[in-house]
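Here's the structure we're looking at; comments come further down.
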Amino acid sequence: MHYPEKKLQVISGVIDSVIDKILEFESKYKVQLDNVHPNYTQSARNLIHYLALRSFDISDLQEKLDEIGLPISPESKNSIYHRLLNFKTILNSLLNIDPPAHEDIHLTNKEAKIIQHRNSQVIFGTIKNKRETAIMITQPTEAATDKNFVESLLKLGMDCARINCAHDDEIVWKQIINNIKEVENECKIAMDLAGLKIRTGKITPGAKVIHIRPKRNMLGKLVAPARVWLAPKGIEPPKDKQVDAVITVNEKWINKSEKGSTIVFKDARGKKRKIIIDEKENNGIWGLCNKSAFVTIETVLNVFFEKNTTFEVHSVHDLEPLEAIIFLSNGDLLRLDKEPISGNPAVLDDDGNIVEIAHISSTSPEFLNNVQVGDPIFFDDGKIGGTVIETHPKYLIIEITNAKKKGGKLRADKGINLPSSKIDFSGLTDKDKKDLKFIAKNADIVNFSFVNNKEDVAALLEELKKLNANLGIVLKIETSEAFRNLPSILLKAMENYPIGVMIARGDLAIETGWKNFAIIQEEIIQICDAAHLPDIWATQVLENLTKKGIPTRAEITDAAMAQRATCVMLNKGPYLEQTVKMLDQILCKMQRIQNKKGALLPQLEFNENL
């Protein structure tokens, strides 16, 4: 086939320009390249080559190369210089030009794949079920007391366990880790530093109630009854057994009860329910309930004994208060307090008119002082959004503009994002430094939350040096500043081995804007590939399935796309085990038909001050 000489010369000239830029970048960033860990020497160099390539708008070059059968394939990100020299050799041959001599020191695609696999394995270990993509699972508090639950997650496909230091405490964290290691010692433990996460404060507790909830499958059919522990106050259920609800009852009644007895009652909604007594253990009773029920201190338990068919009336004793929730709809006003005032829903009069608007506090009130009227504000990973319409010394007034049609639920300890407001903070919090001591002794990986620049990374590396800690580092990219500084962040972090990147999609989408997020998510994956670093697809993966037991079509597609990453992270929820099983199946099936796809590469805007 004949190719126009002029077109070939144009392509050759563009490639020459890219190669010149690569050599320029190598010289420009020599200090950073010299400082990386020896295991990252070639990877850091390839990252610099990729940045040099992306300093051009090469989408036109891609089309021209494709026309002559030389596309820039997905693998080219792994070995930029090698691929460009190959292109140049072919073009010289077509132009009948003798190729220039090049030192054979560049990384081949095959060598790059070996390095990438090694870097992934050292972070996540050996991945289960012949999957190419690892599964990381956020551990709920019940993982500290229910070893059977932990064992189930591991059998279903969990490769790495994530513990978020923003929740629970060292005692719970240690119990979770012990349970995991007793079942599978090789399972990797990753722990998130809480970082500077502005969160909602406490809300006044609601009514005291217990929600009994049996397990159901995706079609709503009963999988297993709820296991209810009935015992006098202070008698805890055995730690090695699953418990779905705890009801405090009278000790004398416990002594008279027997297996097979039936507890009949009307729950708080007036629905008739029953619990079958299954067995007695340690001064308590195990009961089984097949239907959802809400039990309050006003619930009357009618206990029918099997032998003589007589019954006894019993009332429920102390209960924990129901989780507090503030319901917000579009047009509602919300007061965000700078003082630690317990939050409350709006107060209405007899005619339904608002007497006092809903209010909630912030855990980091000092960062609300720079907020201006007109600034957008988001709660709980963007589930509720609004605009600041008034600023006062002690509070902000927010108009809700983005909530579900039936109202959004705002809870305590949920994230607050202020994407347009100036938040002046960097480095590690005092809590981070304290938690890092525990992480250094008990975990394999530290997930670095809200990293924004290379100075933040330097602060973490210095702290790890003080602790003489040998930890993997996963950089959580969740702000627009972190994305803009990603190359310099990676080069600084590569002084440590190993490292990885988490695409923290919840905060990142809000901070960068929904319209920009899809592109930014893709760019992070491309940059990680160029640096041969494992990446984690995180936040809201199969969330509806995890929380409600039924997936949406959109999240199934999202989970399938996640196969392109090195690891997928799941958050906690009542249907977590079902979710792990489905995600494992999706990833295994997708890898048969999908590899990482190529993408057009327009000019990438990044902070060149690495």
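Model, not experiment: these values are computed from the prediction. These values consider heavy atoms only, across backbone and side chains, with no hydrogens, waters or symmetry-generated copies.
- At least one donor-acceptor pair closer than 3.5 Å links the side chain of Trp173 to the backbone N or O of His167.
- Between the side chains of Asn164 and Asp192, no donor-acceptor pair of N or O atoms lies under 3.5 Å.
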Begin with the C-alpha distance, continue with both residues' side-chain angles, and end with the deciding distance and a verdict on side chain to side chain contact (heavy atoms under 4.5 Å, CB included) for Asp584 and Leu156.
-> CA-CA 8 Å; Asp584 175 73; Leu156 288 168; over 6 Å; no

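- With hydrogens and angles disregarded, a donor-acceptor distance shorter than 3.5 Å links the side chain of Asn179 to the backbone of Ala143.
- With hydrogens and angles ignored, the 3.5 Å screen pairs no side-chain donor or acceptor of Ser120 with any backbone N or O of His117.
- In this structure, Lys409 places its NZ atom where only 12 or fewer heavy-atom neighbours from other residues, nucleotides or ligands lie under 6.0 Å away.
- Between Ile171 and Gln175, some side-chain heavy-atom pair lies under the 4.5 Å cut-off.
- The backbone N or O of Trp286 sits nowhere less than 3.5 Å from a side-chain atom of Asp278 that would complete a donor-acceptor pair.
- Between Lys547 and Glu543 there is a salt bridge, since at least one side-chain N of the basic residue sits less than 4.0 Å from a carboxylate O of the acidic one.
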Should Lys147 and Glu151 be marked as a salt bridge (Lys or Arg N to Asp or Glu O under 4.0 Å) after you check the CA-CA gap, both sets of side-chain angles, and the distance that decides it?
-> CA-CA 6 Å; Lys147 192 186 296 183; Glu151 185 174 9; over 6 Å; no

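- The shortest distance between side-chain heavy atoms of Ile135 and Thr133 does not fall below 4.5 Å.
- Although no hydrogens or angles enter the test, the distance criterion places no donor-acceptor pair under 3.5 Å between the side chain of Asp380 and the main chain of Gly382.
- Contact annotation: the side chain of Asn442 never approaches that of Ile189 to less than 4.5 Å [non-hydrogen atoms, C-beta and beyond].
- The backbone N or O of Asn544 sits less than 3.5 Å from a side-chain atom of Glu555, completing a donor-acceptor pair.
- If you take CD on Glu511 and CG on Asn417, they are separated by 5.0 Å, rounding to the nearest 0.5 Å.
- A distance-only check finds a donor-acceptor pair linking the side chain of Arg505 to the backbone of Ala538 [under 3.5 Å].
- Residue Leu33 holds its CG atom at 12.0 Å from CD of Gln42, rounded to the nearest 0.5 Å.
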Kindly determine whether Asp507 and Lys476 satisfy salt bridge (Lys or Arg N to Asp or Glu O under 4.0 Å), including the steps that lead there.
-> CA-CA 10 Å; Asp507 286 293; Lys476 295 177 65 178; over 6 Å; no

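- Glu184 and Lys128 are joined by a salt bridge, as a carboxylate oxygen and a charged side-chain nitrogen come within less than 4.0 angstrom of each other.
- Side-chain contact between Leu542 and Ile556 is present, with at least one heavy-atom pair separated by less than 4.5 Å.
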Output, in order, the C-alpha distance, side-chain angles, deciding distance and verdict of side chain to side chain donor-acceptor pair (under 3.5 Å) for Arg162 and Thr138.
-> CA-CA 5 Å; Arg162 171 182 177 251; Thr138 305; 2.7 Å; yes

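- Using modelled atom types, one finds no donor on one side chain facing an acceptor on the other under 3.5 Å when comparing Ser43 with Asn46.
- Trp537 places no side-chain N or O within 3.5 Å of a backbone atom of Ala559 that could act as its donor or acceptor partner.
- The side-chain heavy atoms of Ile177 and Phe438, taken from C-beta on, include a pair separated by under 4.5 Å.
- Here the rule is side-chain contact (heavy atoms from CB on, under 4.5 Å) with Lys492, and of Leu475, Asn485, Val457 only Val457 fits it.
- Proximity of Leu47 to Tyr40: side-chain heavy atoms (C-beta onward) are nowhere separated by under 4.5 Å.
- Each of Leu533, Leu490, Ile477 was checked for a side-chain contact (heavy atoms from CB on, under 4.5 Å) with Ile527, and the lone residue meeting it is Leu490.
- A donor and an acceptor atom, one from each side chain of Asn78 and Lys113, are nowhere located under 3.5 Å apart.
- You'll find the side chain of Thr108 stays beyond 4.5 Å of the side chain of Ser79, heavy atoms only.
- With hydrogens and angles disregarded, a donor-acceptor distance shorter than 3.5 Å links the side chain of Thr566 to the backbone of Asp535.
- The backbone N or O of Val150 lies less than 3.5 Å from no partner atom in the side chain of Gln139, so there is not a single donor-acceptor pair.
- Between Glu522 and Arg564 a salt bridge is recorded (basic side-chain N to carboxylate O distance below 4.0 Å).
- The side-chain heavy atoms of Glu170 and Lys434, taken from C-beta on, include a pair separated by under 4.5 Å.
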